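Note that the structure is predicted; figures quoted are calculated from it, not measured. In this chain, numbering begins with 1 at the start of the sequence shown.
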Amino acid sequence: MSARESSDKDIVWQTPANPPEPNDFIFRNGRRYVRPYHFEFIAHVKSRWAGKTIVDLFAEEFKGRPYEYYVSAVESGRIQVDGQMVPISYIVQPSQKISHFVHRHEPPVVSWDVSILQKEPEVLTVCKPASVPVHPCGQYRKNTVVGILQAEHHLTSLFPVHRLDRLVSGLLILARNANKADQFRQQIEAGKVHKEYIAKVTGVFPEEKVVNANVDYNAREGRSSVEVGSDQSDKPPKGKDACTKFTRISTNGTHSVVLCEPVTGRTHQIRVHLQYTGHPIANDTLYLSEEVVCRSTKGTTADRAAFAVATCNSSAPSFPHDDQVVEDVHYNEDFELDSMCTNCPNLAPKGYDGNEEALWLHCIRYSGPGWSYECPYPDWALLS
C-alpha cells in the first residue's frame with residue numbers, strides 16, 4: 001500500500017502510553033526509520049510564556065515551523081489549551097496544559113540490532129549501536145534502545161543504569177526493576193563502579209597518561225572544554241573536576257587504540273580529555289579542532305551528536321522542531337501523509353540525513369562490588 005492522505009476524522013493519536021511495535025520500523029539502506037505517526041505533545045505554560053497569545057508563544061519558542069502553520073494549528077484544534085480549542089488571540093496563563101497534536105517523524109538511526117549480551121532476573125545488558133539514543137528524548141521515542149527492546153523483545157520496565165552518548169557504542173546495563181536500579185545508582189555515586197572504554201585516536205599515544213583537568217560543558221554549543229587551573233587566577237573554575245586514566249593498547253604509527261578509565265563522569269569527559277592530550281578521537285569532528293563547530297553545520301559525527309545530546313538533556317518540552325537544513329529523504333511507503341505536516345512526504349524529519357558514522361568510542365566493561373559486565377570489541381579496534 002502506498003502513502004496515503006489522512007484526515008482528522010480517522011486519526012488515532014498516540015501518547016507515551018502507546019508501546020512501540022515491530023511494524024513501527026522501516027529499514028532502508030542500512031538505516032532504521034520509524035513509520036511516521038500521530039502524537040500528542042504536552043507542555044505546561046512556563047512563567048515566561050504567560051501573557052503571550054497562543055500563536056506568538058509557539059512562533060517565538062518553537063521556530064522550526066512558519067507562523068502560518070501555528071495559526072492553522074490553533075484554528076483547526078491541532079493546538080489546544082487545557083483540552084479545549086481556543087482562538088488565535090487567546091492569552092495563555094501560568095501552568096495551563098498545552099497540547100500540540102503533530103504528525104511525528106523520528107530521526108533515523110543505524111539498522112544494527114540491539115544485541116542482548118546477558119539476560120538475568122534483575123539485570124539486562126546489551127550492546128548499544130552508535131547513533132541510537134538510550135531512552136526517549138528530543139525527537140526520539142521509538143528509535144531508542146528502550147523502544148527497540150520493547151518492540152522487538154517485549155522487554156518492558158527497563159531502567160538504564162548509566163548513560164552513553166548517542167554516537168557512542170558498547171555495553172549498556174539496564175536494571176529490570178527500580179530497586180536494582182537504585183542499588184546501581186548508590187554504588188556509582190559512592191565511586192565503587194569501575195568504567196572502561198576504548199577509543200581510536202590520532203597519532204602514537206603514550207603508553208600511559210592520567211589527565212586531571214576540569215571539564216566545563218557549554219549546553220548552548222553542545223560541547224565541553226578543559227579548564228587548566230592557575231594559582232594566579234582570582235576567578236574560581238566554572239568546570240567540574242574530572243580525571244581520566246589512559247593506557248595505550250596498540251598503535252600502527254597513524255592511529256592508536258587506547259583504554260580509557262574515567263574516574264569521574266562529566267559530559268564528553270573522555271572526548272575532551274583526549275583532545276587535551278593532543279590525541280583526539282580520530283573521527284570526532286567536534287573535538288578534532290579547537291574551533292567550535294556551529295550546530296547548523298552539516299556533519300557526520302560529533303557535531304551532530306552534540307546537538308542531539310543538548311536536545312536530550314534540555315529541560316524544555318519536547319515539541320518537534322525542524323530548523324536545520326538537510327537533504328530530504330523520500331519514500332513512498334505505507335504511512336499516512338498529513339496535510340498539515342511540515343515534514344511530509346519525507347520519511348525522516350528535516351534536520352537529519354541519517355549519514356552519521358559511529359564515533360570511535362566504545363564502552364567495553366563496567367564492574368562493581370561482586371559483579372562485572374563486558375561487551376565485545378568493535379571492528380575498528382583492530383588496527384592494520
By ring-ring contact (aromatic ring centres under 6.0 Å, His included), W112 pairs with (sequence neighbours left out) none
Does the pair [X]/[Y] count as a salt bridge with the N-to-O cut at 4.0 Å?
{"X": "E122", "Y": "R176", "value": "no"}
{"X": "K180", "Y": "D182", "value": "no"}
{"X": "K46", "Y": "E61", "value": "no"}
{"X": "D216", "Y": "R266", "value": "no"}

Do Y377 and L117 belong together in a cluster built from hydrophobic side chains that touch within less than 4.5 Å? yes
Using side-chain heavy atoms (C-beta onward) and a distance below 4.5 Å, is [X] in contact with [Y]?
{"X": "W49", "Y": "E60", "result": "no"}
{"X": "P129", "Y": "V114", "result": "yes"}
{"X": "I148", "Y": "P20", "result": "no"}

Please work out whether the ring planes of H100 and Y69 are parallel, tilted or perpendicular, with thresholds of 30° and 60°. tilted
Test side-chain hydrogen bond (donor to acceptor under 3.5 Å, both in side chains) on Q84 and Y90 and set out the steps. CA-CA 11 Å; Q84 302 294 324; Y90 183 84; over 6 Å; no
Can you tell me if N343 and H103 form a side-chain donor-acceptor pair at under 3.5 Å? no
Would you kindly say whether S95 and H44 are connected by a side-chain donor-acceptor distance under 3.5 Å? no
Can you check side-chain hydrogen bond (donor to acceptor under 3.5 Å, both in side chains) on Q187 and W371, steps first, answer last? CA-CA 11 Å; Q187 291 179 7; W371 59 269; 2.8 Å; yes
Would you please test H135 and T144 for side-chain hydrogen bond (donor to acceptor under 3.5 Å, both in side chains) and show each step? CA-CA 5 Å; H135 49 69; T144 62; over 6 Å; no
Separation of F184 CZ from H162 NE2 (nearest 0.5 Å): 9.0 Å
Does NZ or CZ of R248 fall inside the cone over F205's six-membered ring, less than 6.0 Å from its centre and within 45° of the axis? no
Lys NZ or Arg CZ of R104 over F39 ring: under 6.0 Å, within 45°: yes
What pairs of residues pass the side chain to side chain donor-acceptor pair (under 3.5 Å) test when at least one of them lies in residues 251-262, not counting sequence neighbours? H194-E261, T251-S256
